[in-house]
Chemist: 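Got a structure here, written out as structure tokens. Questions coming.
In what follows, every chain begins at residue 1, and chains take the letters A, B, ... in the order their sequences are listed. Please read these numbers as outputs of a predicted model, since none were measured by experiment. When reading the values below, keep in mind they use all heavy atoms of this one structure, side chains included, and skip hydrogens, waters and symmetry mates.
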Amino acid sequence: MKKHEDFFQNVFDVVRLIPKGRVTNYGAIAKYLGSARSSRMVGWAMNAAHSQKDVPAHRVVNRNGELTGKIHFATPFLMQELLEKEGIKVLKDKIKDFQKYYWDPMKELEL
DNA sequence: AGCTTGACTTTGA
DNA sequence: GTCAAAGCCAAGC
């Protein structure tokens, strides 16, 4: 009965592939899956990611580099702490030099 | 069965 | 630069 659950699994897989100290945004993952406009589904998938333990959702932020999803974490501070732990500076729930840490699955994986 | 909400993005004004 | 609206697909009610 596996039909469309691949979307979630695919998201988890990509997120898991994000190198340490790097971050990406929902649109990139969504685009990698096919539709950049379905970025909402990525977030929805992340919601299910709570069931997955090896899904570093803290490395996934919105296009603006803001930790929008932190509110869905166990604690809002967890996401920022995890990011800082990887060497990423977070200022006001926003990633410093987001573009520098930005990791695009399409560019990095497509290579 | 249908409508609303949602960890978003993009385009237009 | 900001603000508003449309688009997208799935889960929840």
Chemist: Rounded to whole angstroms, how far apart are CZ on A:R59 and P on B:dA7?
Modeler: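 Between P of B:dA7 and CZ of A:R59: 22 Å.
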Chemist: Please report, rounded to the nearest Å, how far the P atom of B:dA7 is from the CG atom of A:N64.
Modeler: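 After rounding, the reported distance stands at 17 Å.
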Chemist: Any salt bridge between A:E66 and A:K92, counting N to O under 4.0 Å?
Modeler: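 So A:E66 does not pair with A:K92 through a salt bridge.
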Chemist: Mind checking A:A49 for me? I need base, sugar-phosphate or nothing, with any heavy atom below 4.0 Å counting as a touch.
Modeler: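 No contact.
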Chemist: Counting Watson-Crick and G-U wobble pairs only, both distances under 3.5 Å, name the nucleotide matched with C:dA6, or none.
Modeler: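 Result: B:dT9.
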Chemist: Under 4.0 Å, heavy atoms only, any strand: does A:N62 hit a base, just the sugar-phosphate, or nothing?
Modeler: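 The answer is sugar-phosphate, as A:N62 gets under 4.0 Å only of primed atoms, P, OP1 or OP2.
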Chemist: Looking only at atom types and distance, does a side-chain atom of A:N62 sit under 3.5 Å from a main-chain N or O of A:G65, one as donor and one as acceptor?
Modeler: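 Present.
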Chemist: Without swapping roles, check the side chain of A:T24 against the backbone of A:W103 for a donor-acceptor pair under 3.5 Å.
Modeler: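 Side chain of A:T24 to backbone of A:W103, a donor-acceptor pair under 3.5 Å: yes, one is there.
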Chemist: Side chain of A:H50 only, please: which of C:dC9, B:dA7, B:dT10 is the nearest?
Modeler: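 Shortest atom-to-atom distance from the side chain points to B:dA7.
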Chemist: Using the side-chain heavy atoms of A:W44, tell me which of these nucleotides is nearest: C:dA11, B:dA7, B:dT9.
Modeler: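 The nucleotide sitting nearest to the side chain is C:dA11.
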Chemist: So, does A:R37 get its side chain near the phosphate of C:dA6, meaning an N or O under 4.0 Å from OP1 or OP2?
Modeler: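 Looking at the OP1 and OP2 atoms of C:dA6, neither is under 4.0 Å from any side-chain N or O of A:R37.
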Chemist: Roughly how many Å is it from CG in A:D93 to C1' in B:dA7, rounded to a whole number?
Modeler: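 Atom CG in A:D93 sits about 13 Å away from atom C1' in B:dA7.
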Chemist: Nearest whole Å is fine: how far is C:dT2 C1' from A:E66 CD?
Modeler: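 Distance check: A:E66 CD to C:dT2 C1' gives 14 Å.
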Chemist: Give me the distance, rounded to whole Å, that separates B:dT4 from C:dA6 when you measure between the P atoms they each carry.
Modeler: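 Pairwise P distance, B:dT4 against C:dA6, rounds to 15 Å.
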Chemist: Give A:T68 one of three labels, base, sugar-phosphate or nothing, depending on what nucleic acid heavy atoms sit under 4.0 Å from its own.
Modeler: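 The residue A:T68 makes sugar-phosphate contact but no base contact.
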Chemist: When you check the phosphate oxygens OP1 and OP2 of B:dT9, does a side-chain N or O of A:N25 lie under 4.0 Å from one of them?
Modeler: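 Answer yes for this pair, as a side-chain N or O of A:N25 is under 4.0 Å from OP1 or OP2.
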Chemist: Between atom CG in A:N47 and atom P in B:dT5, what is the gap in whole Å?
Modeler: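 Whole-Å distance recorded here is 17 Å.
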Chemist: Once you round it to whole Å, what is the distance between P of C:dC9 and CE of A:M41?
Modeler: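 Distance check: A:M41 CE to C:dC9 P gives 9 Å.
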Chemist: Which heavy atom of A:M46 sits nearest a heavy atom of A:V55, and at what distance?
Modeler: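 Closest heavy-atom pair between A:M46 and A:V55: CE-CG1, 3.8 Å.
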Chemist: Using modelled atom types and a 3.5 Å cut-off, is there a donor and acceptor pairing between side-chain atoms of A:H50 and backbone atoms of A:H72?
Modeler: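 Side chain of A:H50 to backbone of A:H72: a pair is present.
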Chemist: Of all the choices, B:dA7, C:dC9, B:dT10, which nucleotide is nearest to the side chain of A:M46 once you look at every atom?
Modeler: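 Closest of the options to the side chain of A:M46: B:dA7.
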Chemist: Would you kindly give the CZ-to-P distance between A:F8 and B:dA7, to the nearest whole Å?
Modeler: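 Nearest whole value for this atom pair: 13 Å.
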Chemist: How is A:H58 classified with respect to the nucleic acid when contacts are heavy atoms under 4.0 Å: base, sugar-phosphate, or nothing?
Modeler: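 A:H58: no heavy atom of the nucleic acid under 4.0 Å.
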Chemist: Provide, to the nearest angstrom, the distance between the CZ atom belonging to A:F7 and the P atom belonging to B:dG6.
Modeler: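 After rounding, the gap between these two atoms is 19 Å.
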